[in-house]
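Report on the following structure.
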Amino acid sequence: LIIPAELNSETAQTIRGLAVEAYKAVDCSGMARVDFLLDRNAEKVYVNELNTLPGFTDISMYPKLWDASGLAYPELLDRLIELALE
């Protein structure tokens with residue numbers, strides 16, 4: 001497990017954009033995790049899955065990804081509750 005993935009900044013930005021597009025394309029709301037496949041030889045990115053019920057224990061990918069971006073598990077829980085109340 002490597003978080004964050006070892007990607008150049010252009011590929012990372014492409015993936016971020018595709019994640020937002022996939023989320024909006026299915027009219028998603030709330031939390032979700034968008035998974036991708038990367039063909040490094042062809043330099044192509046593929047949307048693999050949009051998971052609207054990602055695992056949420058302290059060892060699951062969803063909170064691990066947020067933690068790597070600077071939002072620790074307790075703060076993530078607080079933020080999701082705030083968003084739900086909005």
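All residue numbers refer to positions in the sequence shown, counting from 1.
Glu43 CD: 12 or fewer foreign heavy atoms inside a 6.0 Å radius.
For the residue pair Thr14/Thr11, the side-chain donor-acceptor check at 3.5 Å is not satisfied.
Here Glu10 pairs with nothing under the salt bridge (charged side-chain N to carboxylate O under 4.0 Å, His left out) rule; sequence neighbours left out. With sequence neighbours left out, the side-chain contact (heavy atoms from CB on, under 4.5 Å) criterion links Leu37 to Tyr46, Asn48.
Residues Arg79 and Glu82 are paired through a salt bridge, judged by an N-O separation under 4.0 Å between the basic side chain and the carboxylate.
Atom NZ of residue Lys64 and atom CG of residue Leu76 lie 13.0 Å apart, to the nearest 0.5 angstrom. In this structure, CG on Leu38 lies 6.0 Å from CD1 on Ile15, to the nearest 0.5 angstrom. With values rounded to the nearest 0.5 angstrom, Leu7 atom CG is found 9.0 Å from Arg16 atom CZ. Note that CG of Leu65 and OG of Ser60 are 10.5 Å apart. Values are rounded to the nearest 0.5 Å. With rounding to the nearest 0.5 Å, the separation of OH in Tyr23 from CE in Met31 is 10.0 Å.
A distance of 6.0 Å or more separates the ring centres of Tyr62 and Tyr73.
Connectivity analysis of hydrophobic side chains (ILVMFWY, heavy atoms under 4.5 Å, direct or indirect) links Ile59 to nothing; its cluster partners are none.
Residues Asn51 and Leu53 have side chains in contact (heavy-atom distance under 4.5 Å, counting atoms from C-beta outward).
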Q: Give the intermediate values and the outcome of side-chain contact (heavy atoms from CB on, under 4.5 Å) for residues Val34 and Val47.
A: CA-CA 7 Å; Val34 184; Val47 175; 4.1 Å; yes
